[in-house]
Amino acid sequence: MDETTPGSRPIRVLVADDEAMVRAGVRAILARDPGIEVVAEAGDGHEAVALTRRHRPDVVLLDIQMPGLDGLAAAARLHREPTAVGVIMLTTFGQDEYVTRALEEGADGFLLKADDPRELLNGVHAVGAGGAYLSPRVAARVIAGLRAHRAAHPHRSLDRLTEREREVLAGVGAGLSNAEIGSRLHLVEGTVKAHVSAVLAKLDARNRVEAAICAYEAGLVPPSAR
C-alpha cells in the first residue's frame with residue numbers, strides 16, 4: 001500500500017508497547033509501506049509521551065496495558081499537547097469499556113492486534129491524514145452501542161444538520177481528512193473545518209471518531225466504503 005505522492009513525506013509513527021516482540025512485529029508491518037516511517041519506539045506511556053515531544057510524530061500507536069503510565073492515560077496527555085498528534089489504540093483488548101474510554105481520552109483510532117495487518121496500514125494512513133479509523137470488528141460493536149444510546153438520547157439526531165453538514169459528516173465517516181473532504185465538495189479547508197466543528201456541536205460528539213460512528217449508524221457511509 002503506497003499512498004505517497006511525488007514530493008510528499010512519509011507519515012511519521014511512534015510505536016508504544018511494553019513487549020519488544022510486539023513492537024518489532026508492528027514495525028515490520030509498517031515497513032512494508034514506503035509511505036510510513038517509524039521514528040521511535042517506547043516501552044511505556046511515560047516514554048511514549050516524552051518521545052512524542054522529542055520526535056513530533058504524526059501518529060502514535062499505543063498499547064492499552066503498559067506499566068507506569070498506561071495507554072489510555074498516555075492518550076489523554078497527548079490529547080492535551082499543543083502540537084496535534086493522531087493517536088491509535090492498538091491492543092489485544094476490545095472490550096467496550098476500553099473503546100469508550102479511549103474515545104473519551106481523545107483517541108482517533110482503535111485497532112485490535114488480531115486484526116488483518118492491512119487494517120493497521122489503513123488506520124495509520126487515515127489518522128495520519130487527519131481522519132479517524134476503527135477496526136471493523138470494533139466499529140460494529142460501537143455502532144450497536146451507539147444505536148442504544150441514540151434511542152435514549154434523540155438529541156443526536158441528524159435532523160439538526162444542514163445538507164452541507166451531512167455531506168461533510170459523510171466524508172468524516174469515510175475517514176477523509178478536512179483537505180480531502182474539501183476536494184470532494186469543492187470547499188476550502190477552512191470552511192470544511194468550520195462545518196466539522198458545527199457537526200460535532202450539533203451531534204454532541206466529542207471527536208471525529210464519534211461523528212464517524214454517527215455517519216455509519218445513519219447510513220451516510222456504508223461499511224463497504226472502507
Fill in: Nearest heavy atoms of V38 and R27, plus distance in Å
CG1-NH2, 3.5 Å

Discussion item. Run the side-chain contact (heavy atoms from CB on, under 4.5 Å) test on E180 and N178 for me, step by step, so that the C-alpha distance in whole Å, both residues' side-chain angles and the decisive distance to 0.1 Å come before the verdict.
Written reply: CA-CA 5 Å; E180 290 170 329; N178 288 346; over 6 Å; no

Worksheet item: Are I11 and H125 close enough that some pair of their side-chain heavy atoms sits under 4.5 Å apart?
Response: yes

Item to complete: Indicate yes or no for a side-chain donor-acceptor contact from D44 to the backbone of M66 under 3.5 Å, with no hydrogens or angles considered.
Response: no

Practice prompt. Could you go through the side-chain contact (heavy atoms from CB on, under 4.5 Å) check for R77 and H46 one step at a time?
Written response: CA-CA 10 Å; R77 294 193 184 184; H46 288 294; 3.8 Å; yes

Item to complete: Would you please name every residue forming a salt bridge (Lys or Arg N to Asp or Glu O under 4.0 Å) with E165, sequence neighbours left out?
Response: K202

Response to the item:
Here the pair of heavy atoms bringing D108 nearest to G131 is CB-O, 4.1 Å

Worksheet item: Can you name the nearest heavy-atom pair linking A205 to A211, along with the distance?
Response: CB-N, 4.0 Å

Worksheet item: Do side-chain atoms of D33 reach the backbone of L30 as a donor and acceptor pair under 3.5 angstrom?
Response: no

Worksheet item: Is the side chain of E119 donor-acceptor paired with the backbone N or O of D115 at a distance under 3.5 Å, no angle test?
Response: no

Worksheet item: For R184, does the CZ atom sit with more than 12 other heavy atoms under 6.0 Å from it, leaving out its own atoms?
Response: no

Worksheet item: Closest heavy-atom contact between G173 and A215?
Response: CA-CB, 3.9 Å

Worksheet item: Under 3.5 Å, side chain of R208 to main-chain N/O of G130, donor-acceptor pair present?
Response: yes

Response to the item:
Rounded to the nearest 0.5 Å, the CG atom of L200 sits from the SG atom of C214 at a distance of 9.5 Å

Discussion item. Tell me if the NZ atom of K193 is crowded by more than 12 foreign heavy atoms within 6.0 Å.
Written reply: no

Practice prompt. Is it possible for you to say whether V22 and I36 belong to one hydrophobic cluster, with membership spreading through side-chain heavy-atom contacts below 4.5 Å?
Written response: yes

Worksheet item: Can you check whether D70 reaches D63 side chain to side chain, under 4.5 Å on heavy atoms?
Response: no

Item to complete: Measure the shortest side-chain to side-chain distance between L111 and L134 over non-hydrogen atoms and say whether it is less than 4.5 angstrom.
Response: no

Worksheet item: Are I29 and L121 side-chain neighbours, meaning at least one heavy-atom pair lies under 4.5 Å?
Response: yes

Worksheet item: To the nearest 0.5 Å, how far apart are CD1 in I88 and OH in Y133?
Response: 9.5 Å

Item to complete: Please round to the nearest 0.5 Å and tell me the distance separating atom CG of L112 and atom CE of M89.
Response: 11.5 Å

Discussion item. Let's go through R160 and D204 carefully: what are the C-alpha distance in whole Å and the side-chain angles of both, what is the deciding distance for salt bridge (charged side-chain N to carboxylate O under 4.0 Å, His left out) to 0.1 Å, and is it a yes or a no?
Written reply: CA-CA 11 Å; R160 299 177 62 193; D204 192 25; over 6 Å; no

Worksheet item: Side-chain heavy atoms under 4.5 angstrom apart, residues restricted to Ile, Leu, Val, Met, Phe, Trp, Tyr: same cluster for L220 and V192?
Response: no

Worksheet item: Is there a side-chain contact (heavy atoms from CB on, under 4.5 Å) between D17 and K113 once you walk through the steps?
Response: CA-CA 11 Å; D17 195 293; K113 292 178 181 178; 2.8 Å; yes

Practice prompt. For L51 and A40, work out which heavy atoms get closest and say how close.
Written response: CD1-CB, 4.3 Å

Worksheet item: Going by heavy atoms in the side chains, are T52 and E81 under 4.5 Å from each other?
Response: no

Discussion item. Any non-hydrogen side-chain atom of I181 less than 4.5 Å from a side-chain atom of L187?
Written reply: no

Item to complete: Measure the spacing between CG of L14 and CG of D58 and express it to the nearest 0.5 Å.
Response: 11.0 Å

Worksheet entry | CA sep, side-chain torsions, deciding dist, call: L203, L169, side-chain contact (heavy atoms from CB on, under 4.5 Å) | CA-CA 10 Å; L203 296 180; L169 177 59; 4.0 Å; yes

Worksheet entry | Residue pair T191 / H195, side-chain heavy-atom distance below 4.5 Å | yes

Response to the item:
Distance col, row L90:CG vs L62:CG, nearest 0.5 angstrom, shows 9.5 Å

Worksheet item: Is there a donor-acceptor pair under 3.5 Å between the side chain of R23 and the backbone N or O of V15?
Response: no

Worksheet item: To the nearest 0.5 Å, what is the distance between CD (Q65) and OG1 (T92)?
Response: 8.5 Å

Worksheet item: Mind checking whether V172 and V196 have side chains closer than 4.5 Å, heavy atoms only?
Response: yes

Discussion item. Hydrophobic clusters here meaning ILVMFWY residues chained together by side-chain heavy-atom distances under 4.5 Å, can you tell me if V39 and L78 are in one?
Written reply: no

